[in-house]
Amino acid sequence: MSKVTRFVGLDVHAKLIAVAVADGGRDGEVRSHGTIENNPESVRRLFKRLRSDGSKLRVCYEAGPCGYGLYWQCTEMGIECQVIAPTLIPKKPGERIKTDRLDAMKLARCHRAGELTSVWVPDKKREVLRDMVRAREVVRRNLTEARQVLSKLLLKHEINCSESCAAWTSRYMSWLKALKFDDPGLEFVFLEYFNEVENQLGRLARVDAAIDAAIDSSPPEIREIVTALQTLRGVAKVTAAGVVAEIGYFSRFESPDQLMSYVGVVPSEYSTGGPDKRRQGGITKAGNRHVRRLVTESAWNYRFRPVPSARMKAAIKNVDPSLQAEIGRISKEAQQRLCTRYRHLLGNGKNPNVTVTAVGRELLGFIWAIAVTVEQKHKKNIRVN
């Protein structure tokens with residue numbers, strides 16, 4: 001006799017979890033199961049009670065700020081669990097009432113109907129690395145803001161560097177440190193802004209050191225992929241670590257096209273009324289914005305001549321000897337194709353930003369090829385949902 005399957009929808013918040021259960025079958029009842037406290041013991045008791053009659057549970061909840069702790073707990077208990085992409089949950093045009101109870105019931109009902117799209121859940125090591133990379137983004141954003149505030153203060157008071165040096169280099173910072181003002185108030189404001197810039201520079205250095213340590217202590221496949229991706233032009237260690245932390249297992253995508261779609265760099269389309277009515281627009285921006293930003297920044301480097309840099313030559317020497325030939329071939333092909341692609345599109349009158357976006361999309365394909373080559377060595381072959 002087969003077990004009865006129950007579909008459990010959880011609307012998770014910081015302190016409480018709203019629970020709903022949908023019985024199997026098209027006409028199975030969908031009912032609210034109340035709320036529980038958001039802690040491991042309450043969750044364990046809930047699932048024990050729902051499985052007391054031998055039922056099989058299939059649990060789902062929305063991805064959000066509460067993280068993946070609930071998913072990991074369900075996995076340890078042997079319960080099938082999916083973390084759902086919130087933006088892809090079906091919504092009726094006339095829905096105007098939203099409560100925790102209704103949200104949980106909707107999750108349970110849609111989960112039973114198979115209408116939900118799950119996200120990939122990283123393991124704890126990858127989750128920590130991703131948090132660190134995103135922390136670096138925050139620090140970098142704060143540093144940029146602090147520099148802009150200071151530079152505008154100097155512009156306002158018509159203070160320019162007398163030395164011929166680029167902004168924010170070591171010589172420029174030495175010049176700033178030597179600046180003095182007659183007005184005590186202006187001196188105070190300048191020191192506050194300057195100290196904030198130095199504070200953010202110190203934070204950035206500490207985060208970079210922590211990311212290096214995290215990569216060194218990561219599983220072998222993560223370290224090797226990060227090293228292999230650095231053979232690509234414009235992809236240094238921080239960019240490589242960010243892409244690996246955000247994407248996870250590249251082999252879960254059957255083709256580079258799936259990865260491009262996941263990141264949201266493929267053209268949007270509104271084609272209806274026949275084959276001659278095809279209309280494409282800007283990129284969808286429907287995927288991972290962190291990866292999209294990283295590859296777009298890297299793509300700007302392909303405006304230069306396709307000559308390997310010292311960093312790229314050093315990176316290929318650190319690649320596993322059994323993969324050096326294949327990784328080197330992909331890297332060389334990427335550099336030649338993408339540099340040619342950049343010049344061709346720009347020469348045809350394309351906007352520079354559109355050109356870089358197109359180059360970044362193709363760069364993702366080469367990133368996928370290199371990462372999958374390394375994962376195949378480690379027998380990682382996880383397909384996308």
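The shortest side-chain heavy-atom distance between L16 and D100 does not fall under the 4.5 Å cut-off. Annotation: side chain of S32 is in contact with side chain of M105 (closest heavy-atom distance under 4.5 Å). M173 places a side-chain heavy atom less than 4.5 Å from the side chain of E198. A 4.5 Å side-chain heavy-atom check between D183 and H157 finds every atom pair outside the cut-off.
When all heavy atoms of W368 and F253 are compared, the closest pair comes out as NE1-O, 3.2 Å. K124 and E76 make their closest contact through NZ-OE2, 4.5 Å (heavy atoms, listed as atom of the first residue, atom of the second, distance). Here the closest non-hydrogen pair linking R305 and Q335 is O-OE1, 4.4 Å. Closest approach of I211 to M132, counting heavy atoms only: N-CE, 3.5 Å. When all heavy atoms are compared, the tightest approach of L294 to V243 is CD1-N, 3.9 Å. Taking all atoms of both residues into account, the shortest heavy-atom contact from C339 to F304 is SG-O, 3.3 Å.
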With a 3.5 Å cut-off and sequence neighbours excluded, list the donor-acceptor pairs that the side chains of residues 310-327 form with protein atoms.
residue	atom	partner	partner atom	Å
R311	NH1	Q230	O	2.6
R311	NH1	V235	O	3.0
R311	NH2	L232	O	3.1
N318	ND2	A314	O	3.4
D320	OD1	S322	N	2.8
D320	OD1	S322	OG	2.5
D320	OD2	K377	NZ	2.5
Q324	NE2	I316	O	3.3
Q324	NE2	K317	O	3.4
Q324	NE2	V319	O	3.2
E326	OE1	R329	NE	3.4
E326	OE2	R329	NH2	2.7

Could you go through residues 80-90 and list every donor-acceptor pair under 3.5 Å that involves a side-chain atom there, pairing it with any protein atom two or more places apart or in another chain?
residue	atom	partner	partner atom	Å
E80	OE2	R58	NE	3.3
E80	OE2	R58	NH2	3.4

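For the pair E362 (side chain) and L338 (backbone), a donor-acceptor distance under 3.5 Å is absent. Side-chain atoms of Q280 do not come within 3.5 Å of backbone N or O of P267 as any donor-acceptor pair. R136 contributes no side-chain N or O that, together with a main-chain N or O of V238, makes up a donor-acceptor pair within less than 3.5 Å. At least one donor-acceptor pair closer than 3.5 Å links the side chain of Y302 to the backbone N or O of R233. Judged by distance alone, the side chain of S271 and the main-chain N or O of R279 form a donor-acceptor pair under 3.5 Å. Side-chain atoms of S261 never come within 3.5 Å of backbone atoms of D257 as a donor-acceptor pair (strictly under, hydrogens ignored).
Within 6.0 Å of the CD atom in E269, the count of heavy atoms belonging to other residues, nucleotides or ligands exceeds 12. Within 6.0 Å of CZ in F188 there are 12 or fewer heavy atoms belonging to other residues, nucleotides or ligands. Within a 6.0 Å sphere centred on NZ of K350, other residues, nucleotides and ligands contribute 12 heavy atoms or fewer.
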> Stepwise, does the side chain to side chain contact (heavy atoms under 4.5 Å, CB included) test hold for R203 with N142?
Replying inline: CA-CA 10 Å; R203 290 181 63 197; N142 292 342; 3.6 Å; yes

> What's the verdict on side chain to side chain contact (heavy atoms under 4.5 Å, CB included) for L179 and L154, showing C-alpha distance, side-chain angles and the deciding distance?
Replying inline: CA-CA 11 Å; L179 277 180; L154 299 178; 4.1 Å; yes

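Between F190 and F194, the angle of the ring planes stays under 30°, which puts this pair in the parallel group of the 30/60° scheme. Between H111 and F7, the ring-plane angle classifies as perpendicular under the 30° and 60° cut-offs. Relative ring orientation between W120 and Y249 is described as perpendicular, the plane-to-plane angle rising above 60° on a 0-90° scale split at 30° and 60°.
Counting only N and O atoms by type, the side chains of N39 and E37 include a donor and acceptor under 3.5 Å apart.
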